[in-house]
> 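Can you keep this structure in mind? I'll have questions shortly.
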Amino acid sequence: MAFWLETIQFGLTEVKELFSKQEVKKAKSYEAVEAVYEGANETTTFLQECMRKVE
């Protein structure tokens, strides 16, 4: 019986760790998307300013 209890406890620990890693990956993915979006906005602003100088 103790073997099964230890096995279940180990399995729950592994599942918990897996979910926490997924949350970290999800957070990093959102950070990456936000960085790309911010870079695109800054590039658009820069190009618009360059085009105004040409006109």
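Computed over heavy atoms, backbone and side chain alike; hydrogens, waters and symmetry mates excluded. Computed from a predicted structure; not experimentally measured.
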> Is atom CD of Gln22 surrounded by more than 12 heavy atoms (other residues, nucleotides or ligands) closer than 6.0 Å?
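Yes, the 6.0 Å shell around CD holds more than 12 heavy atoms from other groups.
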> I'd like a table of donor-acceptor pairs (distance under 3.5 Å, sequence neighbours excluded) in which one partner is a side-chain atom from residues 23-35, with atom names and distances.
residue, atom, partner, partner atom, Å
Ser29, OG, Lys25, O, 2.9

> For residues 39-49, which side-chain donor-acceptor pairs fall under 3.5 Å, sequence neighbours excluded?
residue, atom, partner, partner atom, Å
Thr43, OG1, Gly39, O, 2.8
Thr44, OG1, Ala40, O, 2.9
Thr45, OG1, Asn41, O, 3.0

